Amino acid sequence: MSAAQHMNVAMMTSGGLAPCLSSSVAYLIEFWASALKEGKISGLNIRMYVDGYKGVLTGDSTVISPEIYDECACLHDLGGSPIGNSRVKFLAHYNIPLLLTTY
């Protein structure tokens, strides 16, 4: 990573509930926020896709506000996923190649 890089980070959780997902989300936010604070990157956008693959396929996402980067430590004490999970089938009506190039 160089300081000139602006990072766009996207996250989703999938595959069912697991105790570690919430903590994993927190760690990734903390990692990238730390890189920004230390000047290792020049900017940061963190996008969370809601409800796993379903959110990726439908574009349902939210961008995490920089004001709450330092408040995510509480997620280490929670189980499950703060952004939700789902198991979806890739249906014929989704244009998967188009989705992968536009998000």
Side-chain angles (χ1 to χ4, degrees):
M1 292 181 288
S2 71
Q5 286 183 302
H6 181 101
M7 298 302 294
N8 291 304
V9 177
M11 294 183 213
M12 58 156 276
T13 57
S14 182
L17 297 178
C20 63
L21 292 177
S22 209
S23 189
S24 296
V25 168
Y27 174 78
L28 288 170
I29 294 170
E30 291 167 345
F31 173 84
W32 288 108
S34 176
L36 180 63
K37 287 179 188 174
E38 294 170 12
K40 294 179 180 177
I41 58 175
S42 64
L44 177 62
N45 289 324
I46 300 176
R47 178 175 301 277
M48 301 283 186
Y49 284 94
V50 179
D51 294 330
Y53 285 110
K54 180 180 176 185
V56 173
L57 291 172
T58 62
D60 187 7
S61 67
T62 186
V63 175
I64 303 300
S65 169
E67 290 79 29
I68 65 169
Y69 290 168
D70 292 332
E71 298 177 23
C72 69
C74 64
L75 295 176
H76 290 293
D77 298 327
L78 302 175
S81 172
I83 55 177
N85 288 316
S86 73
R87 294 180 182 181
V88 298
K89 294 180 181 178
F90 290 101
L91 303 174
H93 70 271
Y94 288 115
N95 186 339
I96 301 305
L98 177 62
L99 284 170
L100 295 177
T101 59
T102 56
Y103 290 103

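Computation of the quantities below employed the complete heavy-atom set of this structure, encompassing side-chain atoms and omitting hydrogens, waters and symmetry-equivalent molecules. As the structure is a prediction and not an experimental result, all values here were calculated from the model.
- Applying the side chain to side chain donor-acceptor pair (under 3.5 Å) criterion to Glu71, with sequence neighbours excluded, gives no partner residue.
- In this structure Ser22 satisfies the side-chain contact (heavy atoms from CB on, under 4.5 Å) test together with Leu75, Leu78, Pro82, sequence neighbours excluded.
- Scored by the side chain to side chain donor-acceptor pair (under 3.5 Å) test, Asn45 finds His6, Asn8 as partners (sequence neighbours excluded).
- Looking at residues two or more places apart in sequence or on another chain, you find a side chain to side chain donor-acceptor pair (under 3.5 Å) between Glu67 and Ser65.
- Between Leu44 and Ala33, the shortest heavy-atom distance links the atoms CD2-N, 3.9 Å.
- Looking at residues two or more places apart in sequence or on another chain, you find no side chain to side chain donor-acceptor pair (under 3.5 Å) involving Ser24.
- When every heavy atom of Ser61 is checked against every heavy atom of Arg47, the shortest pair comes out as OG-NH1, 2.7 Å.
- Shortest non-hydrogen contact noted between Thr13 and Gly84 is OG1-O, 2.9 Å.
- Under the 4.5 Å side-chain criterion, counting only non-hydrogen atoms from C-beta, Met48 is in contact with Val25.
- Residues Val9 and Leu28 form no side-chain contact, since every pair of their non-hydrogen atoms from C-beta on lies 4.5 Å or further apart.
- Residues passing the salt bridge (Lys or Arg N to Asp or Glu O under 4.0 Å) test with Asp70, sequence neighbours excluded: Lys37.
- Judged purely by atom type and a 3.5 angstrom limit, Asn85 uses its side chain to pair as donor or acceptor with the backbone of Ser14.
- Other residues, nucleotides and ligands contribute only 12 or fewer heavy atoms inside 6.0 Å of the OH atom of Tyr27.
- A continuous path of hydrophobic side-chain contacts links Met11 to Ile41 [ILVMFWY only; heavy atoms under 4.5 Å].
- Of all heavy-atom pairs between Trp32 and Ile46, the closest is CB-CD1, 4.5 Å.
- A 4.5 Å side-chain heavy-atom check between Tyr49 and Ile83 finds every atom pair outside the cut-off.
- Here the closest non-hydrogen pair linking Gly80 and Leu21 is O-CB, 3.2 Å.
- Under the 4.5 Å side-chain heavy-atom criterion for Ile, Leu, Val, Met, Phe, Trp and Tyr, Val50 and Ile68 are members of distinct hydrophobic clusters.
- You'll find the side chain of Asp60 stays beyond 4.5 Å of the side chain of Lys54, heavy atoms only.
- With a 4.5 Å cut-off on side-chain heavy atoms, Leu36 and Met7 do not count as touching.
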